[in-house]
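Note that the structure is predicted; figures quoted are calculated from it, not measured.
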Amino acid sequence: MNQISLNVNGKPVSGTVEPRTHLADFLRESRDLTGTHLGCEHGVCGACTILVDGVPVRSCITFAVACDGADVVTIEGLDEDDITRELREAFKREHALQCGYCTPGMLVSARDLVARSPSPDEQAIRVAMSGNLCRCTGYVGIIRAIKSVITARLAREIAPIVGGGRSAVGPAGSGHACVLTAGAVPARAASSAPQMVSAASKALIDRDWTPQNSFDQNFVVHYPREQVWEMFGRVQDVASCLPGASLIGEPKADHVNGQIRVKVGPITAEFRGQAEIERDEGSYSGKIIGAGSDARSSSSTRGMITYRLVPTSDGRSTEVAVNVGYTLTGMLAQFGRAGIVQDVAARLTAAFVTNLEARLGGKTAADLPAADAGLDAGSLVFSVIAGRLKDLFRRLFGA
């Protein structure tokens, strides 16, 4: 596994990837930038074209590790770009798209051509765009749209960019590589060890991210609110109460690195990631925003948990109101139907509350079930389905 740091659409992004991971897969699976489309996955059709250090590249055959330190722009990052805005209008005007699957890559390549083209020569446009294939339009509308934008810009006396921003020979992104002598360690690698504790890894947590699913979960802890609130501030103690969870390194008050082991049938996953923690003592509320991934199952998840502690009427117990938002991608997503996840979460919550009350009652982490045993989500899912079947038979036959 390799730690990489990129600048994606103007924002710093870090992640842990396998050497074989392509840039397109990293952007789509880890950053949810699905505007980068995968077509042939052989660098032929051009649907996956993005900009790396200002140069169009086929992201389906570009390794993510080769672009460490590079500036990456996807179609989502060109929303406010002047040339792309003109091209979008021209594509619409000239009917240059139908199904639209090739359009993101087509626009990225066309933008590069418009920026550097000294004349609207139709043959030159056809040659320059020959690396982007379209099965729908017949290309006439595409060529017309690009030609019209070049003509309009020349009429406004906008000079072409010589070289189109290309400043170095070699594959795009490779200008960030460094030469190593025997036994030497690159400065970036030295500063990022251990991987999950690097400052750049915090960039994985995107505060503008919107969960695909969310649900509410309430539970009662039979201890006063002040005592529960104080316990929630001790990250290590809370982590010991969650089955399968453990911390990596020393946690901070606002940031933690950790992992959770999950077993679903034949799949065993170890999600490693980080989370940012916010606490408001005035309202006894908090927020946890996290992200993690498992290389073995090629699965990743993002989550956001908000909670609020409310004392019961007698003041001797505390109701914890929780909202959970999450997105799960990869192999394990097939087990992620919202109803199943909520039922499994309810059973996990019950286990968490039992362990939490044990810790509040004076027991140590050693007295709780071992975290390294992992969470057997498969058995939980099976028990959930079995419970639903029992409810169904009870309703059908009145048993």
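Legend: residues meeting side chain to side chain donor-acceptor pair (under 3.5 Å) with Ser117, ordered by chain and number and at least two apart, are absent. Asp82 is linked by a salt bridge (charged side-chain N to carboxylate O under 4.0 Å, His left out) to Arg85, counting only residues two or more places apart in sequence or in another chain. Qualifying side chain to side chain donor-acceptor pair (under 3.5 Å) partners for Asn9, counting only residues two or more places apart in sequence or in other chains: Thr74. In terms of the salt bridge (charged side-chain N to carboxylate O under 4.0 Å, His left out) criterion, Glu250 has no residue partners (sequence neighbours excluded). Considering only residues two or more places apart in sequence or on other chains, Thr34 meets the side chain to side chain donor-acceptor pair (under 3.5 Å) condition with none of them. Residues passing the side-chain contact (heavy atoms from CB on, under 4.5 Å) test with His22, sequence neighbours excluded: Asp25, Phe63. Evaluation of the salt bridge (charged side-chain N to carboxylate O under 4.0 Å, His left out) rule for Asp81 yields Arg111 as partners, not counting sequence neighbours. Under the rule for a side chain to side chain donor-acceptor pair (under 3.5 Å), the partners of Thr49 that lie at least two apart in sequence or sit in another chain are Arg58.
For the atom pair OG of Ser240 and NZ of Lys363, the computed distance is 12.5 Å after rounding to the nearest 0.5 Å. The structure places OG of Ser130 at 12.5 Å from CD1 of Ile125, a figure rounded to the nearest 0.5 Å. Taking CG of Leu309 as the start and CD of Glu226 as the end, the distance is 9.5 Å to the nearest 0.5 Å. Note that OG1 of Thr36 and CG of Leu27 are 5.5 Å apart. Values are rounded to the nearest 0.5 Å. Atoms CD and CD1, on Glu94 and Ile142 in that order, are 11.5 Å from each other to the nearest 0.5 Å. Atom CZ of Arg88 is separated from atom OG1 of Thr84 by 6.5 Å, given to the nearest 0.5 angstrom.
Here the side chain of Asp68 pairs a donor or acceptor atom with the backbone of Ser5 at under 3.5 angstrom. Although no hydrogens or angles enter the test, the distance criterion places no donor-acceptor pair under 3.5 Å between the side chain of Asp280 and the main chain of Gly286. Of the possible polar contacts, one joining the Tyr139 side chain to the Cys134 backbone as a donor-acceptor pair under 3.5 Å is found. For the pair Glu76 (side chain) and Gly35 (backbone), a donor-acceptor distance under 3.5 Å is present. Checked by atom type and distance alone, the side chain of Arg359 never pairs as donor or acceptor with a backbone atom of Cys241 at under 3.5 Å. Looking at Asn132, its side chain does come within 3.5 Å of a backbone N or O of Gly105 through a donor-acceptor pair.
Here the side chains of Val320 and Asn218 are not in contact, with every heavy-atom distance at 4.5 Å or above. The shortest side-chain heavy-atom distance between Ile288 and Met304 does not fall under the 4.5 Å cut-off. Contact annotation: the side chain of Val256 never approaches that of Gln274 to less than 4.5 Å [non-hydrogen atoms, C-beta and beyond]. Residues Val220 and His222 have side chains in contact (heavy-atom distance under 4.5 Å, counting atoms from C-beta outward). Val72 places none of its side-chain heavy atoms less than 4.5 Å from the side chain of Asn7. Counting only heavy atoms from C-beta outward, the side chains of Val73 and Ile50 never approach each other to under 4.5 Å. Between Met106 and Tyr101 there is no side-chain heavy-atom pair separated by less than 4.5 Å. Inter-residue side-chain proximity for Pro251 and Gln236 is flagged as met; some heavy-atom pair is nearer than 4.5 Å.
Listed by first and then second residue, the salt bridge (Lys or Arg N to Asp or Glu O under 4.0 Å) pairs that reach into residues 308-323 are Asp314-Arg316, sequence neighbours excluded. Residue pairs meeting the salt bridge (Lys or Arg N to Asp or Glu O under 4.0 Å) criterion with at least one partner in residues 123-136, sequence neighbours excluded, are Glu122-Arg126. Applying the ring-ring contact (aromatic ring centres under 6.0 Å, His included) test to every pair with at least one member in residues 104-124, sequence neighbours left out, gives no pairs at all.
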>> I'd like to know whether Glu86 forms a salt bridge (Lys or Arg N to Asp or Glu O under 4.0 Å) with Arg156, so could you lay out the CA-CA distance, the side-chain angles of the two residues, the decisive distance to 0.1 Å, and finally the verdict.
In response: CA-CA 13 Å; Glu86 291 182 52; Arg156 299 199 305 272; 2.8 Å; yes
> Going through the checks in order, is the side-chain contact (heavy atoms from CB on, under 4.5 Å) test met by Arg28 and Leu38?
Replying inline: CA-CA 9 Å; Arg28 289 176 58 86; Leu38 288 171; 3.9 Å; yes
>> Test side-chain contact (heavy atoms from CB on, under 4.5 Å) on His37 and Cys102; report intermediate values, then the result.
In response: CA-CA 7 Å; His37 292 169; Cys102 71; over 6 Å; no
>> Walk me through whether Ile277 and Val235 qualify under side-chain contact (heavy atoms from CB on, under 4.5 Å).
In response: CA-CA 10 Å; Ile277 303 169; Val235 179; 3.9 Å; yes
> Cys67 and Thr62: side-chain contact (heavy atoms from CB on, under 4.5 Å), yes or no, with the steps?
Replying inline: CA-CA 8 Å; Cys67 298; Thr62 301; 3.5 Å; yes
> Hey, mind stepping through Gln98 and Thr137 against side chain to side chain donor-acceptor pair (under 3.5 Å) and telling me if it holds?
Replying inline: CA-CA 7 Å; Gln98 289 184 33; Thr137 66; 5.9 Å; no
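The hydrophobic cluster containing Tyr284 also contains Val221, counting ILVMFWY residues as joined when their side-chain heavy atoms lie under 4.5 angstrom apart, directly or transitively. When the side chains of ILVMFWY residues are joined at heavy-atom separations under 4.5 Å, either directly or via intervening members, Ile83 and Leu113 end up in a single hydrophobic cluster. Cluster annotation: Val353 and Trp229 are assigned to the same hydrophobic cluster (Ile/Leu/Val/Met/Phe/Trp/Tyr, side-chain heavy-atom contacts under 4.5 Å, transitive). In the hydrophobic clustering of ILVMFWY residues, with side-chain heavy atoms under 4.5 Å counting as a link, Leu107 and Val55 come out apart. Cluster annotation: Leu6 and Val108 are assigned to distinct hydrophobic clusters (Ile/Leu/Val/Met/Phe/Trp/Tyr, side-chain heavy-atom contacts under 4.5 Å, transitive).
Among all heavy-atom pairs drawn from Ile75 and Pro104, the shortest one is CD1-O, 3.9 Å. Of all heavy-atom pairs spanning Asn2 and Pro19, the tightest one is OD1-CG, 3.3 Å. Of all non-hydrogen atoms in Gly54 and Asp112, the two that sit nearest each other are O-OD1, 4.4 Å. Heavy-atom minimum distance, Val322 versus Phe219: CG2-CE2, 3.9 Å. Closest approach of Arg234 and Asp237 over heavy atoms only: NE-OD2, 2.5 Å. Taking each heavy atom of Tyr223 and Thr318 in turn, the nearest pair found is O-OG1, 2.7 Å.
Ring geometry for Phe352 versus Phe232: interplanar angle of 30 to 60°, hence tilted.
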Give every donor-acceptor pair under 3.5 Å between a side-chain atom in residues 145-155 and any protein atom, sequence neighbours left out.
residue: Ser148; atom: OG; partner: Arg93; partner atom: NH2; Å: 3.0
residue: Ser148; atom: OG; partner: Arg144; partner atom: O; Å: 3.4
residue: Ser148; atom: OG; partner: Ala145; partner atom: O; Å: 2.7
residue: Thr151; atom: OG1; partner: Lys147; partner atom: O; Å: 2.9

